[in-house]
Amino acid sequence: MVTVAGSAKIPVTRGWTKVDAKVRDSRKFRFVNTHLEAFDDETQRPSIRAKQAGELVAPGGPAVSGLPVVLVCDCNSNDPGVQPGDEQAFQALAGAGFVKRDTSNPLSCCLNDPNLVGGAPSDWDHKVDHVLTDAPKKVKRKRSNVSGIGTANGLWPSDHAGVFSALKIKR
């Protein structure tokens with residue numbers, strides 16, 4: 001359970017969270033956050049990740065709304081993928097009309113050291129985190145960047161960096 005805005009209690013279960021929101025004087029929108037399966041068999045068609053992405057955008061799914069949707073996703077998928085089949089989940093979202101509102105420069109994935117002490121951003125060759133929208137004419141990217149591209153006390157904060165974007169949601 002997470003407490004938001006001091007009093008709103010939101011249950012957090014593995015899968016996704018969503019909220020219909022309004023920030024300052026912007027238009028209302030739906031914000032969806034998810035982390036798709038990290039350990040998947042990309043040779044399976046569709047992969048588990050692709051099935052999870054499909055559930056997000058299926059009728060009645062959390063990423064389907066009459067409001068513009070902003071979807072932040074550790075998708076563990078990109079197009080093109082690193083391995084054959086890796087792109088399936090990202091393609092499921094793109095096929096439902098979602099477009100990127102983030103950056104691919106610099107790339108943000110992945111360290112291959114389980115102890116998070118080795119490697120460097122220059123080794124990263126892809127990305128797995130995305131900021132997406134289904135309303136590209138209404139949700140504009142103002143800027144986007146990558147966080148977590150340095151060590152603290154010799155340790156990386158994660159096996160991959162985070163992607164964030166400042167968005168403007170038009171009325």
Side-chain angles (χ1 to χ4, degrees), residues 2-8 10 12-38 46-47 49-82 86-110 121-122 124-150 157-171:
V2 174
T3 301
V4 178
S7 62
I10 299 174
V12 177
T13 58
R14 185 170 172 96
W16 52 264
T17 54
K18 74 174 182 179
V19 64
D20 291 342
K22 181 177 178 181
V23 177
R24 293 188 202 109
D25 63 347
S26 72
R27 182 173 181 203
K28 288 184 177 181
F29 65 99
R30 174 166 288 174
F31 182 84
V32 180
N33 173 43
T34 191
H35 184 196
L36 303 182
E37 181 58 45
S47 67
R49 275 192 282 272
K51 289 177 183 177
Q52 291 171 326
E55 288 176 1
L56 289 170
V57 297
V64 177
S65 176
L67 300 172
V69 176
V70 174
L71 170 65
V72 295
C73 180
D74 181 341
C75 295
N76 286 300
S77 180
N78 195 22
D79 193 10
V82 175
D86 230 6
E87 69 288 337
Q88 293 180 66
F90 186 85
Q91 288 176 342
L93 298 172
F98 280 82
V99 297
K100 294 180 183 183
R101 287 294 176 256
D102 55 32
T103 185
S104 292
N105 184 18
L107 293 171
S108 56
C109 198
C110 285
S122 60
W124 297 345
D125 60 359
H126 66 289
K127 67 184 262 188
V128 296
D129 298 312
H130 299 279
V131 178
L132 305 161
T133 186
D134 68 343
K137 292 182 179 181
K138 294 178 181 172
V139 179
K140 300 293 183 182
R141 180 180 82 175
K142 292 177 73 176
R143 62 188 171 280
S144 186
N145 211 335
V146 173
S147 66
I149 56 175
S158 176
D159 66 330
H160 59 93
V163 175
F164 63 93
S165 296
L167 305 174
K168 178 169 179 78
I169 300 173
K170 294 182 175 183
R171 289 180 178 251

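The first residue in the sequence is number 1, and the count goes up from there. This structure is a prediction, so every number in the text was calculated from the model and none was measured.
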Please list, chain by chain and in numerical order, all residues satisfying side chain to side chain contact (heavy atoms under 4.5 Å, CB included) with Asp102, sequence neighbours excluded.
-> Lys100, Lys127, His130, Val131, Ser144, Val163, Ser165

What distance separates Leu67 CG from Ile169 CD1, expressed to the nearest 0.5 Å?
-> 9.5 Å

Check side chain to side chain contact (heavy atoms under 4.5 Å, CB included) between Ala50 and all other residues, then give those that pass, not counting sequence neighbours.
-> Pro46, Ser47, Gln88

Which heavy-atom pair separates Ala63 from Val32 by the least distance, and what is that distance?
-> CA-CG2, 4.1 Å

Partners passing side chain to side chain contact (heavy atoms under 4.5 Å, CB included) against Ala58 (at least two apart in sequence or in another chain) = none

Just how far is it from atom OG of Ser122 to atom CD1 of Ile149, taken to the nearest 0.5 Å?
-> 11.5 Å

Do side-chain atoms of Ser77 reach the backbone of Phe90 as a donor and acceptor pair under 3.5 angstrom?
-> yes

Going from SG on Cys109 to CG on Asn78, what distance comes out if it is rounded to the nearest 0.5 angstrom?
-> 9.5 Å

With sequence neighbours left out, the residues meeting side-chain hydrogen bond (donor to acceptor under 3.5 Å, both in side chains) with Asp86 are Arg49

Residue pairs, two or more places apart or on separate chains, that pass salt bridge (Lys or Arg N to Asp or Glu O under 4.0 Å) and touch residues 157-170 = none

Among all residues two or more places apart in sequence or in another chain, which pass the side-chain hydrogen bond (donor to acceptor under 3.5 Å, both in side chains) test with Asp134?
-> none

Nearest atoms (heavy-atom pairs only) where Val57 meets Phe98 = CG1-CE1, 3.6 Å

What's the spacing between Leu167 CG and Arg141 CZ if we round to 0.5 Å?
-> 9.5 Å

So which heavy atom on Ser147 is nearest to which on Ala161, and how close?
-> O-CB, 3.0 Å

Name all residues meeting the side chain to side chain contact (heavy atoms under 4.5 Å, CB included) criterion together with Ala135; count only those two or more places apart in sequence or in a different chain, and write none if there are none.
-> Pro68, Thr133, Lys138, Val139

Which residue pairs pass the salt bridge (Lys or Arg N to Asp or Glu O under 4.0 Å) test when at least one of the two sits in residues 50-78, sequence neighbours left out?
-> none

Got a second to check how far Leu36's CG is from Asn76's CG, nearest 0.5 Å?
-> 7.0 Å

Not counting sequence neighbours, list each pair that qualifies as a salt bridge (Lys or Arg N to Asp or Glu O under 4.0 Å) and has a residue in residues 15-24.
-> Asp20-Arg30

Side chains of Asp129 and Phe164 in contact at under 4.5 Å (non-hydrogen atoms) = no

Do the side chain of Ser108 and the main chain of Gly162 share a donor and acceptor less than 3.5 angstrom apart?
-> no

